[in-house]
Amino acid sequence: MNFTGIITDWYTKNKRDLPWRKTNKPYNIWLSEIILQQTQIKQGLPYYEVFVKKFPTVKHLALAKEEEVLKLWQGLGYYSRARNMHKTAKFVWNDLNGIFPLDYKSLLTLKGVGEYTASAIASICFNEPKAVVDGNVYRVLSRFFGIDTPINSTEGLKTFKLLAQSLINNDHPGIYNQALMEFGALQCKPQNPDCSVCPLNSACAALKNNQVKELPVKLKKTKIQIRHFNYLVFISSNRQSVFEKRTGNGIWQNLYQFPLIESLHVLNEKDITKHEVFATHVQNNAFEISLYNEKPIIHKLTHRHLHTHFWIIETNQLSKNAVSLEDILKYPTPQLISNFLDSFNLK
DNA sequence: AACGCGGGGAT
DNA sequence: ATCCCAGCGTT
């Protein structure tokens with residue numbers, strides 16, 4: 001049996017029972033693929049269940065408010081996926097009569113659908129022989145064929161895409177694509193794969209050359225920056241606070257948070273109370289300020305560590321943008337804020 | 001071509 | 001600590 005045959009055979013014996021494998025509806029496959037971008041199945045699975053239940057069809061999703069979509073997406077990260085997904089749902093519903101594009105090329109025009117996702121949907125739903133190339137595929141192919149070209153170099157991208165496409169099963173491309181990814185996730189794992197039980201071990205170049213640990217090769221790593229976040233948790237005597245929508249193009253776009261003072265170094269109480277963000281909400285009012293966490297809460301993102309302090313500011317009245325404390329929990333927020341709200345008793 | 005974008009799991 | 005995860009859009 002050849003590579004493709006062995007992978008497919010392994011898949012029929014070892015595949016996990018996952019909900020999106022019970023359907024070929026483009027809406028469901030699309031939804032699962034967006035959720036699973038840069039996300040492990042264990043993390044994404046409960047979100048998929050919630051979304052298909054809340055939005056059974058593209059129409060349901062299209063008619064939802066973005067804020068509702070973001071609230072359900074809360075905690076999953078890479079929130080542009082949720083914003084683009086909602087945008088695409090509205091586009092499909094309003095401009096395409098609720099019918100998803102039927103081939104790879106037209107799928108690519110959808111916001112949030114790149115080469116990987118278009119290949120996945122086209123192969124799984126429409127039997128179009130387009131090979132997916134994701135992190136699993138890079139790993140399996142680089143090891144089996146012994147390719148040390150960096151997977152994130154221009155040459156590597158091209159090489160692996162061509163190789164993957166040359167291996168595709170033209171009769172069952174969707175099954176084969178999923179098989180290769182499942183094989184990478186369960187058998188040809190990043191760390192400590194058990195090559196003794198691998199059905200490809202007799203022909204694997206990396207195993208033969210003792211390079212399993214070294215492959216795939218990936219260029220550089222992003223340097224982590226430290227930022228200091230100071231959140232102003234206002235609490236007025238009539239149980240209101242200030243919760244604002246993040247605008248602009250940066251992190252957590254369209255999610256909500258307390259007023260934020262960002263800085264390059266640690267701030268003390270005086271720095272906070274003299275800051276214009278503070279003054280915007282507390283003018284000539286009496287206030288009482290206290291630091292909620294003496295030690296910074298370090299929220300770790302891929303390329304930033306956010307050293308965070310929450311300042312509790314009790315005041316008799318708030319000047320603007322006040323919302324009731326109970327309502328705060330209804331807004332979509334970053335996990336950093338959500339964690340704080342869990343630990344901070346609002347009563 | 002390089003970078004920004006989250007959060008969690010595994011080792 | 002470090003790497004990785006069913007990647008994509010922007011610059």
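Here is how names work: the chains are called A, B, and so on, in the same order as the sequence lines, proteins then strands, and each is numbered from 1.
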Sugar-phosphate, base or nothing in reach of A:Val132, heavy atoms under 4.0 Å: nothing
Side-chain H-bond candidate by donor/acceptor type, A:Thr4 with A:Asn2, under 3.5 Å: no
A:Asn177-A:Ser123 side chain donor-acceptor pair, cut-off 3.5 Å: yes
Whole-angstrom distance between C:dA6 and B:dC5, as gauged at atom P: 23 Å
5′-ward residue of the pair A:Leu219/A:Asn339 relative to DNA chain B: A:Leu219
Among B:dG6, B:dG4, C:dA6, the one nearest A:His303 by side-chain distance: B:dG4
Sugar-phosphate, base or nothing in reach of A:Arg81, heavy atoms under 4.0 Å: base
Residue-phosphate contact under 4.0 Å: A:Thr154 side-chain N/O, B:dA1 OP1/OP2: yes
Polar side-chain contact A:Tyr116-C:dG7 base: donor and acceptor under 3.5 Å: no
A:His307 and A:His228 aromatic ring geometry - parallel, tilted or perpendicular at 30°/60° bounds: tilted
Output field: ring centroids A:Tyr292/A:Phe344 closer than 6.0 Å: yes
A:Thr117 vs C:dC8: side-chain N/O to OP1/OP2 distance below 4.0 Å: yes
Between P of B:dG9 and CD of A:Gln38, the distance in whole Å: 16 Å
Sugar-phosphate, base or nothing in reach of A:Gln40, heavy atoms under 4.0 Å: base
Nearest-angstrom distance from the residue atom CZ of A:Arg304 to C1' of B:dC3: 11 Å
Interatomic distance, A:Lys87 NZ vs C:dG9 C1' [rounded to whole Å]: 10 Å
Short side-chain N/O contact to C:dC4 OP1/OP2 from A:Lys189, under 4.0 Å: no
